[in-house]
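Report on the structure given below.
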Amino acid sequence: MNMTKKESVLVVCTNRKAYHDYFIEDTYQAGLELLGAEVKSIRQKELSLEGSFVRVENGTARVYQMHVKPYKFNSVTELDPTRPRRLLLTKKELRKLESKAEIKGYALVPLEIYFKNGWAKLKLALAKGKHTYDKRESLKKKDLNRELEKQFKNAVKF
């Protein structure tokens, strides 16, 4: 008997600015290596991905500048809130990411943190930076789509 488990996904934090600043080309899922009570802080949504980035060095990927607020009921260890955290990826994925991230204009950007079946995961993207005129173009498209939806909604009411 082959029974499939339902996957439960709980999104904790998203990096909305990444979608504004980058063209997202490819996404990957990575596990997070966390210490102490960091998991409890993340479950309480006390973290920020703003300004964070990923680097692959010496065969390991790490996320930098991800701020995890210290858990208020933790009395054992005091960890640095912005310490680099190791990402759990396969060697094949690491080699692929390392080679693609070295190309000029590309970056590895964390998009969101979520819990999948109880495990903390990070969705990271291989992204190409936008210029200011690209950002303006994106905002124009977004506004145009919003106006079209508004007009369509009003037309349906009659």
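At a threshold of 4.5 Å between non-hydrogen side-chain atoms, the residues Y28 and L108 do not count as touching. When side chains are defined from C-beta on, S41 does not count as touching L47, because their heavy atoms never get closer than 4.5 Å. Between Q29 and K116, the closest side-chain pair of non-hydrogen atoms falls below 4.5 Å.
A 6.0 Å sphere centred on CD of E50 holds no more than 12 heavy atoms belonging to other residues, nucleotides or ligands. The number of heavy-atom neighbours closer than 6.0 Å to OH of Y22, taken from other residues, nucleotides and ligands shown, is 12 or below. Around atom NZ of K130, more than 12 heavy atoms belonging to other residues, nucleotides or ligands sit under 6.0 Å away.
K140 and D143 are not joined by a salt bridge, as no carboxylate oxygen comes within less than 4.0 angstrom of a charged side-chain nitrogen. Ion pairing of K72 with E46 is absent here, as no side-chain N (NZ or NE/NH1/NH2) approaches a carboxylate O to less than 4.0 Å.
Atoms CD1 and CG, on I113 and L124 in that order, are 10.5 Å from each other to the nearest 0.5 Å. Atoms NZ and NZ, from K104 and K128 in turn, are 9.5 Å apart once rounded to the nearest 0.5 Å. Taking NZ from K121 and CG from L88, the interatomic distance works out to 7.5 Å, rounded to the nearest 0.5 Å. In this structure, NZ in K100 is found 8.0 Å from CG in L97, a value given to the nearest 0.5 Å.
Under the side-chain contact (heavy atoms from CB on, under 4.5 Å) test applied with E38, the options R43, E33, K69, R85 reduce to a single match, R85.
Residues C13 and S48 share a closest heavy-atom pair of SG-CA, 4.4 Å. Of all heavy-atom pairs spanning V109 and A18, the tightest one is CG1-CB, 3.6 Å. Across all non-hydrogen atoms, the minimal contact from L49 to S52 is O-OG, 2.6 Å. The minimum heavy-atom distance linking A120 with L34 is given by the pair CB-CD1, 4.0 Å. Nearest heavy-atom pair, P110 versus N15, reported as atom, atom and distance to 0.1 Å: O-ND2, 3.0 Å.
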Kindly determine whether T14 and K123 satisfy side-chain contact (heavy atoms from CB on, under 4.5 Å), including the steps that lead there.
-> CA-CA 9 Å; T14 57; K123 182 178 179 183; over 6 Å; no
Decide side-chain contact (heavy atoms from CB on, under 4.5 Å) for Y19 and L111; before the verdict, give the C-alpha distance in whole Å, the side-chain angles of both, and the deciding distance to 0.1 Å.
-> CA-CA 8 Å; Y19 293 100; L111 296 178; 3.7 Å; yes
Step by step, work out the side-chain contact (heavy atoms from CB on, under 4.5 Å) result for L32 and L87.
-> CA-CA 5 Å; L32 277 167; L87 298 178; 3.6 Å; yes
I would like to know whether Y106 and E25 meet side-chain contact (heavy atoms from CB on, under 4.5 Å); could you show each step before the answer?
-> CA-CA 10 Å; Y106 283 90; E25 294 199 359; 3.2 Å; yes
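Both L94 and I103 belong to a common hydrophobic cluster when Ile, Leu, Val, Met, Phe, Trp and Tyr are linked at side-chain heavy-atom distances under 4.5 angstrom. In the hydrophobic clustering of this structure, L89 groups with F115; members are Ile, Leu, Val, Met, Phe, Trp, Tyr whose side-chain heavy atoms approach within less than 4.5 Å, directly or through other members.
At distances below 3.5 Å, not a single donor-acceptor pair connects side-chain atoms of D26 with backbone N or O atoms of A125.
Under the side chain to side chain contact (heavy atoms under 4.5 Å, CB included) criterion, Y133 pairs with H131, R136, not counting sequence neighbours.
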Using residues 60-68 as the side-chain source, report each donor-acceptor pair under 3.5 Å to any protein atom, sequence neighbours left out, with the distance given to one decimal.
unit_1: T60; atom_1: OG1; unit_2: E57; atom_2: O; d: 3.1
unit_1: Y64; atom_1: OH; unit_2: E57; atom_2: OE1; d: 3.4

